[in-house]
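Worksheet: the structure to be examined is printed underneath.
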Amino acid sequence: MYLKETENEHHIFRAKTSAGEDVIIKFTYEGGIAFPRLEHESQIYLDYLKPLWGVHVPKFYGLYMYTSSDIYELTCACIILQYCGEPAVSDLSQLEDYCSDEYGIKQFRNDTMDMVFRLHSLGLEHDELNASHILDFEGKPFLVDFTGAESHCCLALDDLGELSRDTLPAKEGEILRHIGRDSVRCYELWMFIKSIEWCLPGMSVMKRQMLKLILSLQQPQLNITEDPIVARV
């Protein structure tokens with residue numbers, strides 16, 4: 001089943017193997033950057049992501065290429081990956097409330113943070129941590145699309161010694177003021193933490209929220225009497 005075409009000229013299909021496994025096929029018959037990006041992503045899966053296969057990233061089943069000496073035949077390539085669900089949310093800020101339990105525990109969002117920290121601990125930067133690349137597979141977050149991923153020496157890891165929610169300079173609900181030694185020195189982590197609203201919003205957002213609160217308090221209040229037909233303003 002054809003799903004979509006990506007910005008990198010890759011065509012995404014969903015299919016089943018002869019063994020009945022649900023897979024994603026990322027296919028291209030274009031020249032330009034499409035081939036090198038597929039090869040690059042394949043190498044990322046092999047060199048960095050093996051510890052996360054089937055845990056937080058899809059299992060990688062290989063890169064397949066077809067070339068022909070006939071100039072009238074197209075050169076094709078594809079990678080085959082485990083199918084890992086659909087995007088959990090349309091915007092990262094929605095992760096805060098996504099699949100929270102009756103006690104308000106934000107397990108999916110917390111697991112997503114742990115997943116990103118693990119990625120950086122493995123020496124890899126994703127480069128496109130947006131909502132479309134974070135999938136919900138049986139209640140667990142999976143990260144996809146590593147065409148832009150690069151080797152990464154995370155400064156936040158150097159500062160903290162260990163990347164976790166407990167070692168972050170800003171705890172949940174505190175203000176993450178800026179990127180730097182007093183905050184998170186890794187730009188990708190800093191932007192991600194802000195995007196999922198782990199910390200308090202910026203002052204402009206807080207001012208808008210305060211204005212809404214003030215306006216709501218200024219609205220006339222209804223004083224409902226015992227007679228349901230009569231109400232005084």
Side-chain angles (χ1 to χ4, degrees), residues 1-14 22-26 37-38 40-41 44-45 48-49 52-60 79 81-101 104-122 124-150 152 154 156 163-165 168 170 172-173 176 179 183-184 186-202 204-206 208-209:
M1 178 175 66
Y2 183 73
L3 299 179
K4 65 179 181 178
E5 180 179 0
T6 71
E7 295 177 357
N8 298 315
E9 299 175 341
H10 297 146
H11 302 270
I12 310 298
F13 296 83
R14 182 177 175 183
D22 216 353
V23 296
I24 290 293
I25 300 173
K26 186 181 281 191
R37 282 184 178 269
L38 269 189
H40 173 75
E41 185 169 16
I44 292 293
Y45 271 100
Y48 292 93
L49 297 177
L52 300 182
W53 286 9
V55 180
H56 281 308
V57 304
K59 295 175 185 175
F60 175 71
I79 60 175
L81 303 164
Q82 173 192 10
Y83 171 77
C84 292
E86 301 297 326
V89 293
S90 58
D91 187 272
L92 288 179
S93 63
Q94 298 168 347
L95 282 176
E96 181 176 10
D97 299 317
Y98 184 75
C99 289
S100 295
D101 67 14
I105 297 175
K106 307 173 181 69
Q107 192 61 52
F108 190 90
R109 187 200 63 176
N110 293 345
D111 288 345
T112 303
M113 292 181 71
D114 294 341
M115 172 181 70
V116 174
F117 293 153
R118 181 79 187 279
L119 191 73
H120 276 240
S121 298
L122 291 173
L124 193 67
E125 182 179 55
H126 185 275
D127 192 49
E128 285 190 88
L129 285 177
N130 57 50
S132 64
H133 296 148
I134 296 174
L135 310 183
D136 180 348
F137 185 54
E138 300 177 350
K140 296 181 180 180
F142 271 66
L143 192 59
V144 295
D145 196 348
F146 292 89
T147 52
E150 295 289 349
H152 175 60
C154 188
L163 287 176
S164 72
R165 284 174 278 122
L168 284 176
E172 184 173 11
L176 190 64
I179 185 171
S183 189
V184 176
C186 172
Y187 182 75
E188 179 167 84
L189 288 184
W190 179 67
M191 290 300 296
F192 175 72
I193 293 167
K194 290 183 68 176
S195 296
I196 64 173
E197 298 185 356
W198 166 261
C199 50
L200 287 177
S204 60
V205 177
M206 294 177 70
R208 287 199 300 272
Q209 292 175 344

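Note that this is a predicted model, so its numbers are computed, not measured. Numbers here are sequence positions counted from 1.
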Name all pairs fulfilling the salt bridge (charged side-chain N to carboxylate O under 4.0 Å, His left out) condition that reach into residues 130-141, sequence neighbours left out, sorted by first residue then second. none
So Leu49 and Leu119, side-chain contact (heavy atoms from CB on, under 4.5 Å) or not? Walk me through it. CA-CA 8 Å; Leu49 297 177; Leu119 191 73; 3.6 Å; yes
List in chain and number order the residues that pass ring-ring contact (aromatic ring centres under 6.0 Å, His included) with [X], two or more places apart in sequence or in another chain; answer none if no residue qualifies.
{"X": "Phe60", "value": "Tyr45"}
{"X": "Tyr48", "value": "none"}
{"X": "His133", "value": "His126"}
{"X": "Tyr98", "value": "Phe108"}

With a 4.5 Å limit on heavy-atom distance, are the side chains of Gln107 and Asp111 in contact?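 A side-chain contact exists here, since the closest heavy-atom pair is under 4.5 Å.
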Going by heavy atoms in the side chains, are Phe192 and Lys194 under 4.5 Å from each other? no
My understanding is that only residues two or more places apart in sequence, or in another chain, count here; which of them pass side-chain hydrogen bond (donor to acceptor under 3.5 Å, both in side chains) with [X]?
{"X": "Ser195", "result": "none"}
{"X": "Glu150", "result": "none"}
{"X": "Asp97", "result": "none"}

Over all heavy atoms of both residues, which pair between [X] and [Y] is shortest? Give the atoms and the distance, please.
{"X": "Leu38", "Y": "Lys26", "result": "CD2-CD, 3.6 Å"}
{"X": "Ile196", "Y": "Leu95", "result": "CG2-CD1, 3.8 Å"}
{"X": "Tyr83", "Y": "Glu86", "result": "OH-OE2, 2.9 Å"}
{"X": "Pro87", "Y": "Ala131", "result": "CB-O, 3.9 Å"}
{"X": "Ser93", "Y": "Glu197", "result": "CB-OE2, 3.6 Å"}
{"X": "Phe142", "Y": "Gly54", "result": "CZ-O, 3.6 Å"}

Mind jotting down which residue pairs meet the side chain to side chain donor-acceptor pair (under 3.5 Å) criterion with at least one end in residues 112-122? Sequence neighbours excluded, please. Asp114-Arg165, His120-His152, His120-Glu188
Between [atom1] on residue [X] and [atom2] on residue [Y], distance to nearest 0.5 Å:
{"X": "Leu135", "Y": "Ile24", "atom1": "CG", "atom2": "CD1", "answer": "9.0 Å"}
{"X": "Ser90", "Y": "Asn130", "atom1": "OG", "atom2": "CG", "answer": "11.5 Å"}
{"X": "Asn110", "Y": "Glu96", "atom1": "CG", "atom2": "CD", "answer": "10.5 Å"}
{"X": "Ser132", "Y": "Leu92", "atom1": "OG", "atom2": "CG", "answer": "9.0 Å"}
{"X": "Ile25", "Y": "His11", "atom1": "CD1", "atom2": "NE2", "answer": "13.5 Å"}

Donor-acceptor pair, distance only, cut-off 3.5 Å: does the side chain of Gln82 make one with the backbone of Pro58? no
May I have the step-by-step check of side-chain contact (heavy atoms from CB on, under 4.5 Å) for Thr147 and Ile44, ending in yes or no? CA-CA 8 Å; Thr147 52; Ile44 292 293; over 6 Å; no
Passes side-chain contact (heavy atoms from CB on, under 4.5 Å), Leu129 versus Leu143? Steps please. CA-CA 9 Å; Leu129 285 177; Leu143 192 59; 3.9 Å; yes
Is there a side-chain contact (heavy atoms from CB on, under 4.5 Å) between Val23 and Arg14? Walk through the geometry before answering. CA-CA 6 Å; Val23 296; Arg14 182 177 175 183; over 6 Å; no
